[in-house]
Amino acid sequence: MAGHVIEDSYSTAAIRIEDQDPEPSRPVGEFICNVATNDWVNDEYKLISLDVHEKALTAAAGQFFHLLCPSPDGAEVWMRRPMSVYRVDKQNRRVEFLYKCEGRGTKGMSTLEAGDEFNISGPLGIGFWLKPEWKNIVVLGRGVGLATLAPLSQLASDQGVGITAILSARNPDVVMSRDLFQSYNADIIEVLDTDGSSEVSNVERIIQSLIGEGKADAFFTCGSNRLLNLMKQMGKKHGIPGQVAMEQIMVCGFGACYVCVRTFEIDGDRVLKRVCREGPVFNMEEAVGW
Amino acid sequence: MAGHVIEDSYSTAAIRIEDQDPEPSRPVGEFICNVATNDWVNDEYKLISLDVHEKALTAAAGQFFHLLCPSPDGAEVWMRRPMSVYRVDKQNRRVEFLYKCEGRGTKGMSTLEAGDEFNISGPLGIGFWLKPEWKNIVVLGRGVGLATLAPLSQLASDQGVGITAILSARNPDVVMSRDLFQSYNADIIEVLDTDGSSEVSNVERIIQSLIGEGKADAFFTCGSNRLLNLMKQMGKKHGIPGQVAMEQIMVCGFGACYVCVRTFEIDGDRVLKRVCREGPVFNMEEAVGW
Amino acid sequence: MVDLSVKIGDLTLQNPVTPASGAFSWEYADIIDLNRLGGLVAKTICREPRFGNPTPRMAETEAGIIQSIGLPGKGINYFLENIVPEYKKFTPPLIVSCSSEDPEEFAVLTKELSIPEVDVVECNISCPTRNTTGGNFSLNSEHTKSVVGKLREATDKPLWAKLSPNAGDLVSIALAAEEAGADAVCIANTFLSLKIRTDNFKPALGNKYGGMVSPALKPIVVRMVYQCAKEVKIPIIGIGGITKAEDVVEYMLAGASAVGIGYAGFRNPSALTSIIDDLEAWCDSRGIERVSDLIGAVDDDMEMDTLNAASAGV
Amino acid sequence: MVDLSVKIGDLTLQNPVTPASGAFSWEYADIIDLNRLGGLVAKTICREPRFGNPTPRMAETEAGIIQSIGLPGKGINYFLENIVPEYKKFTPPLIVSCSSEDPEEFAVLTKELSIPEVDVVECNISCPTRNTTGGNFSLNSEHTKSVVGKLREATDKPLWAKLSPNAGDLVSIALAAEEAGADAVCIANTFLSLKIRTDNFKPALGNKYGGMVSPALKPIVVRMVYQCAKEVKIPIIGIGGITKAEDVVEYMLAGASAVGIGYAGFRNPSALTSIIDDLEAWCDSRGIERVSDLIGAVDDDMEMDTLNAASAGV
Ligand SMILES: Cc1cc2nc3c(=O)[nH]c(=O)nc-3n(C[C@H](O)[C@H](O)[C@H](O)COP(=O)(O)OP(=O)(O)OC[C@H]3O[C@@H](n4cnc5c(N)ncnc54)[C@H](O)[C@@H]3O)c2cc1C
Ligand SMILES: Cc1cc2nc3c(=O)[nH]c(=O)nc-3n(C[C@H](O)[C@H](O)[C@H](O)COP(=O)(O)OP(=O)(O)OC[C@H]3O[C@@H](n4cnc5c(N)ncnc54)[C@H](O)[C@@H]3O)c2cc1C
Ligand SMILES: Cc1cc2nc3c(=O)[nH]c(=O)nc-3n(C[C@H](O)[C@H](O)[C@H](O)COP(=O)(O)O)c2cc1C
Ligand SMILES: Cc1cc2nc3c(=O)[nH]c(=O)nc-3n(C[C@H](O)[C@H](O)[C@H](O)COP(=O)(O)O)c2cc1C
Ligand code: FES
Ligand code: FES
């Protein structure tokens with residue numbers, strides 16, 4: 001376990017790679033990782049790969065970590081940022097995140113270089129689950145939602161489930177996660193704003209034909225309200241179950257603070273659920289689009 | 001002039017090397033410099049060399065800059081740190097600081113690497129002055145005080161004044177500024193704790209003999225209360241004028257806030273003066289040792 | 001080895017470090033050993049179910065956050081049936097925070113909470129985001145005295161009153177709570193704040209106002225603890241901006257008998273137990289035998305001559 | 001090009017950015033063009049010479065500083081003879097801050113300061129480090145009313161009252177100042193704080209207490225300005241934690257007519273003029289024609305349905 005140097009600005013017992021896990025029975029840890037790589041994948045997104053303590057490798061598809069981002073500008077970044085795991089590489093003991101550089105936290109993250117330390121805590125929340133009866137699934141994502149959906153391909157592949165990934169993007173340059181889906185033998189369909197193929201009506205046609213081909217035992221989506229509403233409606237019509245990963249501003253990540261609530265609809269009742277604890281992956285039929 | 005990006009955490013019009021001086025008539029600037037080197041000179045001290053805008057090169061011996069230190073630990077360093085100029089290298093357009101790594105600010109400073117940006121403002125305060133009638137001066141310093149005294153050798157050399165530098169230190173390894181004094185042809189006398197030569201009585205003997213040799217037209221000191229008291233007393237006895245550089249915690253550096261006051265004795269009256277504005281170099285006879 | 005235990009009235013805590021209400025739940029057992037804490041402090045509950053405030057419920061600020069949760073919860077019955085048993089899986093005393101805008105209902109709630117499983121009733125009379133003008137009893141010493149008096153009658157449990165940093169004369173409020181029978185005061189809740197977005201001219205929080213939480217605020221709250229400790233006799237739980245063992249020490253020197261920690265557990269979920277470790281190490285390295293010896297031990301006998309002071313070194 | 005001018009009563013400032021008292025002096029002309037400022041605000045002066053408080057007068061905290069200067073100065077005569085002429089080398093209006101613990105002396109001082117060279121008398125009735133309990137008139141609305149009333153009688157100059165964030169019910173204090181005849185209120189002075197060193201158990205400041213200053217505090221003071229702007233009719237000068245043009249905008253949206261800046265000028269001595277540049281650019285880029293249109297322009301009409309709010313995206 002890391003020494004607690006009380007001269008530091010904050011007390012922490014974060015676990016370093018070489019430490020023995022001080023609490024092996026607990027599912028979550030606060031880790032000090034080492035950055036392996038942190039590279040641009042296109043103009044807006046970076047992929048960060050972290051050497052981690054093996055405890056962090058238990059992260060499942062759809063679960064997230066809470067990242068303590070370094071400062072982009074000298075002023076402290078006060079809150080952690082939630083990011084779903086993009087890839088767990090057990091062999092090299094790494095976890096990866098695909099992220100969009102937007103605000104202060106993610107900009108700070110983008111300054112990290114190989115060898116730098118990075119404090120992350122997790123894995124947190126409930127990830128995607130696959131039912132044994134699902135033989136083929138359809139994954140539909142856009143933008144950063146693809147980062148969240150990507151590890152589904154690994155999970156499905158592990159369980160011998162066929163996967164069709166519909167990747168929506170503004171233009172071919174920003175289609176993300178293509179390689180990762182490909183490496184797990186997913187069928188890939190790209191739909192783009194540039195050629196109009198990303199329009200809802202076209203995506204609907206594509207899904208309709210996948211249903212026809214028997215390739216849609218379950219739906220998965222993330223990253224676009226428009227696409228969520230489409231899948232939800234098609235799922236309802238065809239009786240196809242689905243899951244969606246949701247986002248909300250977070251504070252604790254553990255279910256304690258009730259900052260991260262979103263509205264869900266269960267049997268006609270509107271209720272609040274915590275994205276960090278009851279999610280971030282929810283039953284699609286309960287999700288309320290915005 | 002630097003663009004004012006209001007998305008940054010702080011608004012500033014700090015001057016970069018390539019900028020035109022927006023206020024040529026004003027003596028002080030806020031500069032964004034580039035770190036050229038930042039190396040350890042011994043176990044405790046580092047020397048940082050900065051590529052600066054030429055306006056910063058006007059700094060005189062004994063003047064100081066106010067340094068906005070980067071964070072050593074992710075938490076912001078909220079106040080600037082005053083540091084006297086160690087060396088102005090007009091040819092290479094550099095200023096240098098010799099500093100002791102102690103608290104958060106100086107520790108943050110020690111993380112700077114070549115090419116990093118560093119915000120400093122100055123030159124501030126009143127530096128050392130040499131009167132035409134002084135042909136030979138004695139400089140007595142200890143510890144980080146030597147950093148403040150070092151540029152005197154340059155000043156004296158420029159004006160053809162002979163200099164004897166008594167450098168006091170715990171052991172030979174931490175005698176600082178020797179090279180700089182040497183490069184300006186100062187006579188150097190090292191006194192050490194390890195062999196007892198740094199004792200006040202011995203330093204007194206040394207100064208006494210310098211007085212005898214006519215090498216002590218004025219005294220200069222910094223960094224040790226003990227040595228200040230010695231010089232003050234000898235100066236009084238032999239009618240030798242002197243100057244001392246003082247330290248106090250600062251906020252503004254401009255004379256506005258009255259945080260940096262110290263007590264001085266003028267004609268028997270005790271008064272407060274601001275180290276940043278009326279100093280940091282003061283008449284030795286007015287200084288009150290502690 | 002230092003004795004870390006402290007007494008709050010008749011209750012002994014194994015160490016002075018407790019989580020702050022609303023910033024903690026049994027779910028933190030996913031990462032730390034809750035049995036190591038000085039106490040378990042549940043999120044403030046209300047008698048009836050509440051949704052809480054509109055989102056966004058948190059916004060980052062220059063240094064810290066403002067938040068406005070609005071005390072969501074499923075009400076007292078759900079709490080007693082489902083949440084108390086979760087806490088009772090752990091050994092430290094259970095401190096239940098509760099709140100109401102109506103003093104009568106507040107008293108009933110307090111009574112209903114006075115079951116054997118509950119060790120302390122903490123009355124949150126200072127939630128800044130519920131009602132910024134009235135209701136927030138601890139802005140006013142009369143209101144404080146009257147509501148705490150009612151709760152005192154309703155329960156035999158140790159009764160702690162959580163006070164507001166938004167009150168001007170906190171000492172008089174603390175005295176009112178003491179007089180009304182509180183066994184301890186918790187200083188303090190969050191600082192009423194407002195952030196306006198300059199992109200759309202709207203408040204950043206769904207509830208407009210929020211309570212500010214930040215390590216930055218510690219010196220203000222330490223001052224409040226210090227001022228109150230000089231006047232009240234009941235123990236003080238210091239809460240605000242603690243992120244390391246030395247901060248616990250600072251609060252204790254100022255007069256606190258124990259502390260509550262919120263933000264630090266958000267930033268570093270392993271913070272609470274590591275602060276306890278560090279506190280132990282800090283005391284041991286200084287030969288302090290009982291952490292309780294630190295309570296009020298500030299050396300506040302000051303040199304008041306300006307000229308003398310200003311002739312000393314830095 | 002945006003019109004940056006604002007009116008504080010009958011006085012027009014060329015822009016809303018002024019330095020905060022005690023954090024500024026004519027000596028800043030060494031680095032910035034003082035003629036660009038909205039006003040020149042002199043350090044609070046007292047009638048008699050004062051040494052001020054013992055050192056150390058500043059200590060860094062988790063996020064910002066606490067400071068306790070104690071209003072040192074050479075008294076009114078020195079001020080009139082030596083300092084006013086320094087300020088009169090520049091064109092913006094001269095705002096002179098003054099203070100006293102005695103209302104009668106305060107009135108005399110105000111009268112003595114009412115010379116043609118002085119454009120505004122700002123009464124500092126809120127210095128937290130002079131006297132933490134009494135004397136600090138603006139902790140109490142009665143005291144505020146009575147002292148401001150006396151000063152009102154003593155001068156025909158515009159009279160601004162600088163209020164304390166340590167008061168609980170600041171709105172009633174602002175109303176009292178207004179009623180007593182203040183032409184504007186400055187919100188706010190510094191937050192009373194205490195830092196205790198854990199190495200030697202002593203307070204970090206020579207004066208024990210200090211006023212906290214930090215960008216961290218901005219959301220608290222913005223809230224105070226917003227609350228007061230809803231109730232008082234006289235203009236408000238917002239002061240606390242401003243470090244960039246957007247902060248000026250935020251204060252104005254909350255209801256401030258102008259702002260005061262201290263800390264930012266310590267951190268970045270070129271801050272004040274660059275904030276003015278940035279403010280101009282910000283307004284121009286958004287097509288705002290008069291900066292005064294921002295005053296009170298917050299869009300505070302909120303969606304109050306929790307479930308609706310929580311079904312919207314992040
Ligand atoms: C479960 C989950 C998984 C996520 N996975 C990814 C991912 O794999 N890749 C990725 O790029 N992004 C992901 N996001 C979104 C990511 O958290 C935000 O983009 C990020 O927090 C923005 O931080 P910032 O500093 O750039 O923005 P700022 O605007 O500076 O953030 C200000 C505050 O708002 C919060 N915030 C802003 N946007 C969001 C958001 N969309 N969701 C939650 N909080 C937000 C921040 O965390 C911070 O507290 C995920 C969000 C959640 C909830
Ligand atoms: C005019 C002047 C010139 C100086 N020149 C040098 C120099 O050339 N090299 C060098 O190593 N040091 C010099 N010092 C001392 C230097 O300013 C302090 O060592 C430094 O501020 C300590 O910062 P820190 O973050 O390491 O310490 P911390 O303990 O974190 O500092 C906390 C606060 O106290 C202040 N402080 C602490 N010690 C001092 C001090 N001795 N003087 C003034 N403020 C202090 C800091 O500025 C900061 O605001 C000089 C001081 C003055 C006043
Ligand atoms: C998200 C959040 C929720 C909170 N909820 C409550 C609450 O329900 N009841 C309460 O008394 N205090 C509540 N607080 C205040 C904390 O208990 C504590 O007083 C405050 O956070 C200051 O401590 P800190 O600086 O250690 O965070 C809450 C604070 C936060 C950040
Ligand atoms: C070193 C220092 C000295 C101050 N002196 C005075 C003063 O003399 N009179 C006064 O009214 N306020 C004084 N203040 C308070 C400031 O005017 C201002 O209210 C406070 O710093 C908050 O603004 P800021 O956050 O922009 O610094 C002082 C503040 C500091 C930091
Ligand atoms: S982030 Fe705290 S409950 Fe979800
Ligand atoms: S540091 Fe402000 S007057 Fe010297």
Side-chain angles (χ1 to χ4, degrees), chain A residues 1-15 22-23 25-32 55 66 68-69 75-81 103-105 119-125 248-263 270-272 274-277 290, chain C residues 19 22-33 43 51-53 55-65 67-73 213-216 242-249 261-282 285:
Chain A
M1 187 158 58
H4 311 153
V5 186
I6 65 167
E7 283 72 30
D8 274 3
S9 288
Y10 295 91
S11 278
T12 167
I15 307 169
E23 300 275 5
S25 66
R26 300 179 202 283
V28 182
E30 179 182 343
F31 302 100
I32 293 178
K55 182 181 187 129
H66 224 172
L68 190 56
C69 299
E76 192 162 349
V77 177
W78 296 85
M79 273 291 138
R80 287 180 183 257
R81 305 308 199 234
R104 289 187 62 241
N119 183 315
I120 72 174
S121 72
L124 295 161
Q248 181 58 288
I249 292 176
M250 293 187 180
V251 165
C252 71
F254 281 86
C257 74
Y258 284 80
V259 161
C260 66
V261 294
R262 290 187 65 104
T263 304
R270 295 205 302 165
V271 300
L272 294 173
R274 295 162 297 179
V275 170
C276 77
R277 192 81 188 177
W290 59 95
Chain C
F24 174 75
S25 68
W26 73 92
E27 289 135 322
Y28 265 90
D30 280 358
I31 186 165
I32 56 167
D33 180 359
K43 175 160 185 66
F51 282 129
N53 288 331
T55 58
R57 292 180 171 183
M58 186 277 285
E60 267 189 326
T61 61
E62 283 64 23
I65 58 170
Q67 48 80 33
S68 176
I69 319 294
L71 305 181
V213 165
S214 166
I242 293 171
T243 63
K244 54 187 190 297
E246 285 171 325
D247 299 338
V248 179
V249 173
I261 301 182
Y263 175 78
F266 299 145
R267 189 184 189 281
N268 297 98
S270 64
L272 269 77
T273 44
S274 78
I275 288 173
I276 297 169
D277 289 340
D278 290 346
L279 180 64
E280 186 164 28
W282 189 92
S285 74

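Below, all heavy atoms of this structure are taken into account, side chains as well, without hydrogens, waters or symmetry copies. Quick caveat: nothing in here was measured; it's all calculated off a predicted structure. Residue numbers start from 1 in every chain, and the chains themselves are labelled A, B, ... in the order their sequence lines are given, proteins ahead of strands.
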Could you please spell out the steps behind the side chain to side chain contact (heavy atoms under 4.5 Å, CB included) verdict for A:L68 and C:N268? CA-CA 9 Å; A:L68 190 56; C:N268 297 98; 4.0 Å; yes
Please identify, among A:Q248, A:R81, A:M250, the residue contributing the most non-hydrogen atom pairs under 4.5 Å to chain C. A:R81
Among the options C:T243, C:L272, C:D30, C:I32, pick out the one with the most heavy-atom pairs lying under 4.5 Å from chain A. C:D30
Under 4.5 Å heavy-atom distance to chain A, tell me which part of C:I242 shows up: side chain, backbone, both or neither. neither
Got a sec, which residues hit side-chain contact (heavy atoms from CB on, under 4.5 Å) with C:A29, two or more places apart in sequence or on another chain? A:R26, C:L34, C:F90
Do C:E60 side-chain atoms and A:V77 backbone N/O form a donor-acceptor pair below 3.5 Å? no
Under 3.5 Å donor-acceptor, C:S270 side chain and A:A13 backbone: yes
Polar side-chain atom of C:R267 near backbone of A:M79 as donor-acceptor pair, under 3.5 Å: no
Please classify the contact between C:A63 and chain A as side chain, backbone, both or neither, with a heavy-atom cut-off of under 4.5 Å. both
For the side chain of A:W78 and the backbone of C:E62, is there at least one donor-acceptor N/O pair under 3.5 Å apart? yes
At a 4.5 Å cut-off on heavy atoms, which part of C:P56 comes close to chain A: side chain, backbone, both, or neither? side chain
With sequence neighbours left out, the residues meeting side-chain contact (heavy atoms from CB on, under 4.5 Å) with C:S25 are A:A256, C:E27, C:Y87
If you take all heavy atoms of A:R270 and C:F51, which pair is closest and at what distance? O-CZ, 4.1 Å
Between C:A23 and chain A, with a heavy-atom cut-off of 4.5 Å, which part of the residue counts as in contact: side chain, backbone, both or neither? backbone
Would you mind checking which part of C:F24 comes under 4.5 Å of any heavy atom in chain A, side chain (CB onward), backbone (N, CA, C, O), both or neither? backbone
Which pair of non-hydrogen atoms, one from A:V28 and one from C:I31, has the smallest distance, and what is that distance? O-CG1, 3.5 Å
Give the member of A:S25, A:C257, A:A75 that has the highest number of heavy-atom pairs under 4.5 Å with chain C. A:C257
Measuring from atom CG of C:D277 to atom OG of A:S11, what distance do you get when rounded to the nearest 0.5 angstrom? 9.0 Å
Specify which of C:G52, C:G22, C:G64, C:A271 makes the most heavy-atom pairs with chain A at under 4.5 Å. C:G64
In the structure I gave you, are the side-chain heavy atoms of C:T273 and A:E23 within less than 4.5 Å of one another anywhere? no
What part of C:D33 lies closer than 4.5 angstrom to a heavy atom of chain A: side chain, backbone, both or neither? both
Approximate separation, where rounding is to 0.5 Å, of C:D247 CG and A:Y10 OH: 10.0 Å
Report the distance from atom CD1 of C:I275 to atom OG1 of A:T12, rounding to the nearest 0.5 Å. 9.5 Å
